[in-house]
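Just the heavy atoms: all of them, side chains too, but no hydrogens, waters or symmetry mates, feed the values below.
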Amino acid sequence: MNFMKSGFIYSDDNKRYHTLNYHLRHKFGTKVMKIALNAGFTCPNIDGTKGYGGCTYCSDLGSGDFAGNEDKSISEQFDDIVSMMHNKWHDGKYIAYFQAHTNTYAPVSVLKDRFEGVLKKDGVVGISIATRADCIDDDVLEYLCNLNKRTYLTVELGLQTIFDKTGERINRCHTYAEFLEGYNRLYERGINICVHLIDGLPGETKEMMIESAKAVAKLHPYCVKLHLLHILKGTKMAQEYQKGEIKLLTRDEYVDIIVSQLRHFAPETVIQRLTGDGGRDTLVGPLWSLKKFEVLNAIDKAMEKNNYYQGDLFKK
């Protein structure tokens, strides 16, 4: 592996993995902020098409707990969040991030109504669309190809695990084979894909989590998000946890798993996230995850101590 003497090849600080911040700064020449929006979509495992209740870890906000206020228009959500972000960053560009629920689960006419306006906002350089691989029909795929020609597009696919048994346990309502079909349809058309994985899902061992990462690494995705399972109040998983049916990872266990997973991803794959989000008022556990920077620092220290880098075990 051809690493720079100063460290990892895709880093200009102490990171030994390819961060989203590094990638976007080098691509656009400035700070780029993702503006998380709630477009009011639902999911096929909520409305009865494939199931009811949604994934057992999801709150009513469908993984959009930190997205904009659904009661406001997309434009109002965007302006509100940008205004808040400017308290910390005074300059930069934006990516409109449609985060909550399944954001291609609607007719193309509805998608255009949600997406097109925000692309005209000052400073917007791209759009990121979170969805499921089984919710990209031919019309949607054609529209995504069109978007891809006009802006910096990333389609985020929630996989969570390659193991169908786990998928059934969490009410995911789609298989790994279905994921691969949807992934390949996007990949073959040159659309940037970000794959989500969750570590700590019920019944999974460290070896299973690493196998999921290795399988996704072989697909050579543009980006990945590695999430910690966090249990939120009001979810079915919170009920299971209270009954003692779920064991949460310790911080040391999580750090060990993440470091092992990072070593299998190609160096050029962008690591968009290494932690999961849970609000202080809604998080049941693990509570150590609230100290996000301590977790990230522990990952950095473990990689440095062992002289590990992202991709040092990657095999093409």
Side-chain angles (χ1 to χ4, degrees), residues 36 43 45-46 51 53-67 99-102 130 132 156-174 176 179 194-216 224-262 264-265 271-296 298-299 302:
C43 296
N45 61 345
I46 290 178
C55 296
T56 58
Y57 54 76
C58 266
S59 71
D60 291 339
L61 295 173
S63 297
D65 297 77
F66 294 95
Q99 181 182 28
H101 292 298
T102 303
R132 294 162 51 111
E156 300 194 12
L157 298 180
L159 171 59
Q160 321 315 358
T161 176
I162 66 169
F163 296 98
D164 289 341
K165 184 177 180 179
T166 306
E168 292 173 6
R169 171 85 183 266
I170 62 176
N171 198 43
R172 190 68 188 155
C173 295
H174 78 58
Y176 182 44
F179 166 84
C194 178
V195 181
H196 294 208
L197 290 173
I198 295 179
D199 289 328
L201 290 171
E204 293 212 344
T205 63
K206 172 186 174 180
E207 290 73 24
M208 293 171 71
M209 299 173 214
I210 294 173
E211 281 303 309
S212 284
K214 290 169 68 175
V216 170
V224 295
K225 282 185 177 180
L226 303 176
H227 287 265
L228 167 69
L229 174 68
H230 53 280
I231 297 180
L232 303 178
K233 293 178 181 178
T235 63
K236 183 177 180 182
M237 193 168 282
Q239 297 173 8
E240 295 172 343
Y241 177 66
Q242 289 166 357
K243 294 177 183 177
E245 298 173 0
I246 295 175
K247 181 180 180 294
L248 298 179
L249 295 173
T250 67
R251 195 189 79 168
D252 288 346
E253 288 172 333
Y254 183 68
V255 169
D256 180 51
I257 291 165
I258 286 292
V259 170
S260 298
Q261 290 175 321
L262 286 173
H264 291 285
F265 286 104
I271 309 299
Q272 283 209 20
R273 177 171 290 176
L274 290 181
T275 60
D277 289 327
R280 290 183 179 273
D281 295 335
T282 59
L283 182 66
V284 175
L287 297 180
W288 56 259
S289 67
L290 292 171
K291 298 179 179 179
K292 179 177 179 179
F293 290 105
E294 290 186 9
V295 178
L296 294 175
I299 292 169

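- Atom CZ of residue Arg169 and atom CG of residue Leu201 lie 9.5 Å apart, to the nearest 0.5 angstrom.
- Proximity of a side-chain donor or acceptor of Arg172 to a complementary backbone N or O of Thr161 within less than 3.5 Å is not detected.
- With hydrogens and angles ignored, the 3.5 Å screen pairs a side-chain donor or acceptor of Ser212 with a backbone N or O of Ile162.
- The side-chain contact (heavy atoms from CB on, under 4.5 Å) with His230 is formed by just one residue from the set Val284, Thr275, Leu283; it is Leu283.
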| request: Begin with the C-alpha distance, continue with both residues' side-chain angles, and end with the deciding distance and a verdict on side-chain contact (heavy atoms from CB on, under 4.5 Å) for Glu294 and Trp288. | output: CA-CA 9 Å; Glu294 290 186 9; Trp288 56 259; over 6 Å; no
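- Looking at Lys233, its side chain does come within 3.5 Å of a backbone N or O of Asp281 through a donor-acceptor pair.
- Note: Thr56 OG1 to Met237 CE = 3.0 Å, rounded to the nearest 0.5 Å.
- Glu240 CD to Ile231 CD1: the interatomic distance, rounded to the nearest 0.5 Å, is 8.5 Å.
- For Asn45 (side chain) and Asn171 (main-chain N/O), a donor-acceptor pair under 3.5 Å exists by modelled atom type.
- Nearest heavy atoms, Leu228 versus Tyr254: N-OH, 3.2 Å.
- No donor-acceptor pair under 3.5 Å is formed between the side chain of Glu156 and the backbone N or O of His196.
- The NZ atom of Lys206 sits 11.0 Å away from atom CG of Leu249, with the distance rounded to the nearest 0.5 Å.
- Going from atom CZ of Arg280 over to atom CG of Leu287 covers 9.5 Å, rounded to the nearest 0.5 Å.
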